[in-house]
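First up is the structure itself, then whatever we jot down about it.
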Amino acid sequence: MRVATWNINSVRLRLPLIERFVRENKPDILCLQETKVVNDAFPEGAFEQMGFAHRAISGMKSYNGVAILSKIPFAETGVLNWQGKEDCRHIFAKLAGGPEIHCVYIPAGGDVPDPAANPKFAHKLGFLDDLAAYWRGRDDKAAPKMMLGDFNIAPLENDVWSHKQLLDVVSHTPLEVEKLLALQTAHDWIDAPRRFVPESKKLYSWWSYRARDWTVGDRGRRLDHIWITPSLLPQLQATGILKAARGWDPKPSDHVPVWADFSRP
DNA sequence: ATGGTAGCGTAGCTA
């Protein structure tokens with residue numbers, strides 16, 4: 001079973017690229033963030049044709065939006081809200097006879113890394129606190145789950161192109177990294193791609209649009225993550241980050257797909 | 001220190 005996550009930055013605009021990814025990489029479960037479309041206008045037919053007969057979507061006008069597209073039936077789906085906002089950032093689906101899958105889009109947090117001066121950064125930190133409290137409060141720690149998506153934080157030194165130069169840049173500040181690690185601890189989450197790529201090696205999933213040439217200097221960040229519970233670790237076979245998708249034509253997302261393969265129990 | 005690009009939706013917000 002292959003599970004993938006991709007911040008697609010408009011599901012409607014990026015449909016041809018999604019079709020290419022699905023054709024070439026054959027995910028069984030595809031989690032999307034920043035779909036940027038209300039549910040009524042979500043291109044369900046295109047996903048049906050790609051073989052995703054089971055779909056959980058949560059979208060709003062212009063911003064955010066998450067979706068789980070699946071070839072495997074769901075036993076249950078739901079939407080979760082944090083910080084008192086219904087802003088379409090968290091959707092989950094429990095597979096029939098399989099793990100629970102949480103697709104999350106953590107707020108980006110604006111530009112100023114000070115929660116007193118920047119409400120968007122305060123929202124990001126509060127969202128992380130709420131999510132950690134949710135996972136700390138669940139009493140079924142042993143049940144297999146994964147949480148994946150655009151977390152908008154690159155926690156490790158080699159999750160960014162320059163640790164020193166990004167210490168004051170939202171996405172890599174010590175404050176939000178600390179909150180992300182607290183969230184990780186709250187449910188014993190395992191960082192799946194780092195099981196295969198040592199922390200000493202650079203690993204990115206995002207390259208800014210705001211560069212003339214995204215390949216110059218390889219100034220990336222690992223903002224997109226796949227976390228799994230220890231109960232799923234024995235089934236984890238491989239992970240990958242499809243860097244080539246950053247250069248796909250026409251009009252790529254600034255994020256690339258991250259995937260993980262699991263053996264079926 | 002600033003601005004750079006992208007998407008939605010058609011101005012300005014968010015990233």
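Small disclaimer: the values here were computed from a predicted structure and weren't measured. Sequence lines set the chain letters: A, B, ... in the order given, protein chains first and strands last, and positions in each chain run from 1.
In summary, the side chains of Thr5(A) and Gln33(A) do present a donor paired with an acceptor at a separation below 3.5 Å, with no hydrogens or angles considered. A donor atom on one side chain and an acceptor atom on the other are not found under 3.5 Å apart for Glu199(A) and Asn158(A).
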Set out, line by line, the N/O atom pairs under 3.5 Å between protein and nucleotides 13-15 of chain B.
residue, atom, partner, partner atom, Å
dC13(B), O2, Tyr63(A), OH, 3.1
dA15(B), OP1, Arg89(A), NH2, 3.4
dA15(B), N7, Arg210(A), NH2, 3.4
dA15(B), N6, Arg210(A), NH2, 2.7
dA15(B), N1, Arg210(A), NH2, 2.9

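Positionally, the nearest nucleotide of DNA chain B for Arg212(A) lies more toward the 5' end than for the other of Arg212(A) and Ser62(A).
For the OP1/OP2 pair of dG4(B) and a distance below 4.0 Å, the side-chain nitrogens and oxygens of Ser208(A) include no atom meeting the criterion.
Rounded to whole Å, atom P of dG3(B) lies 12 Å from atom CG of Asp111(A). Taking atom NZ on Lys61(A) and atom P on dG7(B), their separation rounds to 18 Å, with Å as the unit. Rounded to an integer number of Å, the gap from Arg246(A) CZ to dT5(B) P is 13 Å.
Between dG4(B) and dA15(B), the distance separating the two C1' atoms is 13 Å to the nearest Å. For the C1' atoms, the distance linking dT10(B) with dA6(B) amounts to 15 Å, nearest Å. Comparing the C1' positions of dG7(B) and dA11(B) gives a spacing of 14 Å, expressed to the nearest Å. With both ends at atom P, the span from dG9(B) to dT14(B) equals 15 Å, rounded to whole Å.
Ion pair Lys141(A)/Asp188(A) flagged as a salt bridge, since at least one NZ, NE, NH1 or NH2 atom sits closer than 4.0 Å to an Asp/Glu carboxylate oxygen.
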Worked check of salt bridge (charged side-chain N to carboxylate O under 4.0 Å, His left out) between Glu100(A) and Arg138(A):
CA-CA 13 Å; Glu100(A) 196 172 303; Arg138(A) 292 237 344 205; 2.7 Å; yes
Output side-chain donor-acceptor pairs under 3.5 Å for residues 49-58 of chain A, partner residues at least two apart or in another chain, one line each.
residue, atom, partner, partner atom, Å
Arg55(A), NE, Glu44(A), OE1, 2.5
Arg55(A), NH1, Glu48(A), OE1, 2.7
Arg55(A), NH1, Phe52(A), O, 2.7
Arg55(A), NH2, Glu44(A), OE1, 3.4
Arg55(A), NH2, Glu48(A), OE1, 3.3

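Every side-chain hydrogen bond (donor to acceptor under 3.5 Å, both in side chains) that Trp206(A) has, sequence neighbours left out, goes to Asp254(A).
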